[in-house]
Trainee: 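Below is one structure. I have some questions about it.
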Amino acid sequence: MPYPKMKPKEIPPQENLTKWMEFVLLDFADVPQLQWFLFGLFLVIYLCIVLCNGTIVLVTKVDPALQTPMYFFLGNFSLLEICYVSVTIPRLLTSLWTQKRTIFLVACATQMCFALTLGGTECFLLTVMSYDRYVAICNPLHYPLVMNHKVCVQMVTGSWLSGMPIMIGHTCQIFSLSFCASNIINSIFCDIPPIIKLACGDTFMNEMMIFVVAMLFVAIPFLLILVSYGKIISTVMKLPSSSGRAKAFSTCSSHLIVVALFFGSATITYLRPQTEDTAGTDKVFSLVYTVVTPLFNPLIYSLRNKEVIMALKKLFCK
């Protein structure tokens with residue numbers, strides 16, 4: 001049976017400044033004929049993300065050949081991807097299964113807070129991984145000293161925790177607004193751009209905060225990654241042997257692909273002007289950085305890395 005088109009509830013004029021206590025996440029309600037297909041598709045995607053990234057976490061922990069800073073960061077990155085998709089996809093699967101798309105304000109704020117915090121962690125962790133490659137290629141003699149285990153743990157811990165206070169405060173600021181125009185969120189999860197569109201009153205300060213946070217967590221890390229790879233490319237081009245250059249580029253190319261996917265989609269979503277016509281585009285790009293990147297992360301790193309492939313073969317043979 002076709003899913004009825006949802007309309008925002010009528011609000012009496014005297015209550016037009018009342019904050020909504022629940023929202024409606026539209027996700028894919030505009031294609032009712034595809035609900036079961038989408039449920040099966042996202043279920044398979046979620047299981048693949050959890051199993052594949054979980055395998056990388058396991059293999060980087062147990063294989064002696066992978067006990068290096070690069071694979072320590074990769075294991076943490078894969079764990080982060082599992083956490084990241086678990087914030088959004090299970091809620092989407094429930095919505096597609098039950099056809100009930102309402103979500104309480106507190107639940108929506110919680111989902112946004114976790115998504116923002118883990119997204120910020122991903123930005124920092126990708127930056128740390130690029131720094132690791134920079135030290136390994138540009139300063140190989142100092143690599144064991146600079147990237148010792150204590151420093152690696154501190155970098156990973158900082159990536160996980162440093163953005164938490166800012167993202168919690170940012171979420172509180174967003175949900176301190178009054179939402180009077182509608183309670184329908186045209187997105188697959190409680191993301192900032194579609195929720196800001198529902199706010200009434202002046203949202204200039206909130207939009208400025210979005211810009212500031214996006215600069216801190218997206219633009220600056222991305223620039224640091226570009227600087228790191230600029231120095232890496234400069235160093236690699238000076239290597240005497242073509243095989244050495246090929247090996248160095250192969251090591252870095254996997255990371256660059258993940259960086260391009262994640263930062264590209266996040267930049268387009270958060271740093272471009274928001275209009276009513278961008279809802280469909282926002283939904284597509286939010287799928288890229290919340291679903292596509294975690295899905296391709298293990299494929300990109302394992303298929304392009306001989307050490308990971310060998311470790312996987314040993315794991316499965318056992």
Trainee: What side-chain donor-acceptor pairs closer than 3.5 Å can you find for residues 47-54, not counting sequence neighbours?
Mentor:
unit_1 : atom_1 : unit_2 : atom_2 : d
Asn53  : OD1    : Asn297 : ND2    : 2.8
Asn53  : ND2    : Ile49  : O      : 2.9
Asn53  : ND2    : Pro294 : O      : 3.1

Trainee: According to side chain to side chain donor-acceptor pair (under 3.5 Å), who are the partners of Thr157, at least two apart in sequence or on a separate chain?
Mentor: none
Trainee: Applying side chain to side chain donor-acceptor pair (under 3.5 Å), can you list everything that pairs with Tyr84, at least two apart in sequence or on another chain?
Mentor: none
Trainee: Sequence neighbours excluded, which residues qualify as side chain to side chain contact (heavy atoms under 4.5 Å, CB included) partners of Met237?
Mentor: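 Only Ile233, Phe249 meet the side chain to side chain contact (heavy atoms under 4.5 Å, CB included) criterion with Met237.
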Trainee: Would a 4.5 Å heavy-atom cut-off, applied to side chains only, mark His170 and Ile192 as touching?
Mentor: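 Heavy-atom side-chain distance check passes, below 4.5 Å.
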Trainee: For a 4.5 angstrom cut-off between non-hydrogen side-chain atoms, does Phe189 reach Leu92?
Mentor: no
Trainee: Can you name the disulfide (SG to SG under 2.5 Å) partners of Cys190, sequence neighbours left out?
Mentor: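 If we apply the disulfide (SG to SG under 2.5 Å) test to Cys190, skipping adjacent residues, the hits are Cys108.
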Trainee: Pairs in or reaching into residues 191-227: which pass ring pair (Phe, Tyr, Trp, His ring centres under 6.0 Å), with residues at least two apart or in two chains?
Mentor: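 Sorted pair list: Phe124-Phe217, Phe222-Phe263.
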Trainee: Which pairs with one or both residues in residues 23-38 pass salt bridge (Lys or Arg N to Asp or Glu O under 4.0 Å), sequence neighbours excluded?
Mentor: Asp27-Arg101
Trainee: Step by step, work out the side-chain contact (heavy atoms from CB on, under 4.5 Å) result for Phe28 and Ser95.
Mentor: CA-CA 9 Å; Phe28 299 101; Ser95 172; over 6 Å; no
Trainee: Considering only heavy atoms from C-beta outward, does the side chain of Tyr134 approach that of Val227 to under 4.5 Å?
Mentor: no
Trainee: So, using side chain to side chain contact (heavy atoms under 4.5 Å, CB included) as the criterion, who are the partners of Thr235 when residues are at least two apart?
Mentor: Ile137, Cys138
Trainee: Does any part of the side chain of Leu287, heavy atoms only, come nearer than 4.5 Å to the side chain of Phe42, both counted from C-beta?
Mentor: yes
Trainee: Do Leu96 and Leu43 have side chains that get closer than 4.5 Å, going by heavy atoms?
Mentor: no
Trainee: Treat each ILVMFWY residue as a node, draw an edge where side-chain heavy atoms are under 4.5 Å apart, and state whether Phe104 and Leu25 are in one component.
Mentor: no
Trainee: Show me, pair by pair, the donor-acceptor contacts under 3.5 angstrom made by side chains of residues 71-81, not counting sequence neighbours?
Mentor:
unit_1 : atom_1 : unit_2 : atom_2 : d
Tyr71  : OH     : Asn305 : OD1    : 3.0
Tyr71  : OH     : Asn305 : ND2    : 3.0
Tyr71  : OH     : Glu307 : OE1    : 2.4
Asn76  : ND2    : Phe72  : O      : 3.0
Ser78  : OG     : Leu74  : O      : 3.2

Trainee: Side-chain donor-acceptor pairs under 3.5 Å in residues 145-156, sequence neighbours left out?
Mentor:
unit_1 : atom_1 : unit_2 : atom_2 : d
Asn148 : OD1    : Lys150 : N      : 3.1
Asn148 : OD1    : Val151 : N      : 3.0
Asn148 : ND2    : Leu145 : O      : 2.9

Trainee: Any side-chain to backbone donor/acceptor pair from Ser265 onto Leu261? Under 3.5 Å, distance only.
Mentor: yes
Trainee: Just by modelled atom types, is the Leu198 backbone N or O under 3.5 Å from a matching donor or acceptor in the Ser182 side chain?
Mentor: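 No, Ser182 side chain to Leu198 backbone: no donor-acceptor pair under 3.5 Å.
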Trainee: Can you establish whether the number of heavy atoms outside Phe296 located under 6.0 Å from its atom CZ is more than 12?
Mentor: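 Result for CZ/Phe296: open.
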Trainee: Assigning hydrophobic clusters by single linkage (Ile, Leu, Val, Met, Phe, Trp, Tyr; side-chain heavy-atom cutoff under 4.5 Å), is Ile188 placed with Trp36?
Mentor: yes
Trainee: Are there over 12 heavy-atom neighbours, none belonging to Phe114, within less than 6.0 Å of that residue's CZ?
Mentor: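 Check fails, neighbour count at 12 or below.
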Trainee: Among residues at least two apart in sequence or on other chains, which ones pass side chain to side chain donor-acceptor pair (under 3.5 Å) with Tyr131?
Mentor: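 None.
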Trainee: Has Thr293 got a side-chain atom pairing as donor or acceptor with Tyr289's backbone, closer than 3.5 angstrom?
Mentor: no
Trainee: Could you check whether any side-chain heavy atom of Leu34 comes within less than 4.5 Å of a side-chain heavy atom of Leu41, counting everything from C-beta outward?
Mentor: no
Trainee: Which value, rounded to the nearest 0.5 Å, describes the distance between Met310 atom CE and Leu66 atom CG?
Mentor: 10.5 Å
Trainee: Counting C-beta onward and ignoring hydrogens, is there a side-chain heavy-atom pair between Asp191 and Thr290 closer than 4.5 Å?
Mentor: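 No. Closest side-chain heavy atoms not under 4.5 Å.
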Trainee: Run the side chain to side chain donor-acceptor pair (under 3.5 Å) test against Thr110 and tell me which residues pass, sequence neighbours left out.
Mentor: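 With neighbours one apart ignored, the set is empty.
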Trainee: Please tell me if the side chains of Thr117 and Trp160 come closer than 4.5 Å, counting only heavy atoms from C-beta onward.
Mentor: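 Side chain of Thr117 against side chain of Trp160, heavy atoms only: no contact under 4.5 Å found.
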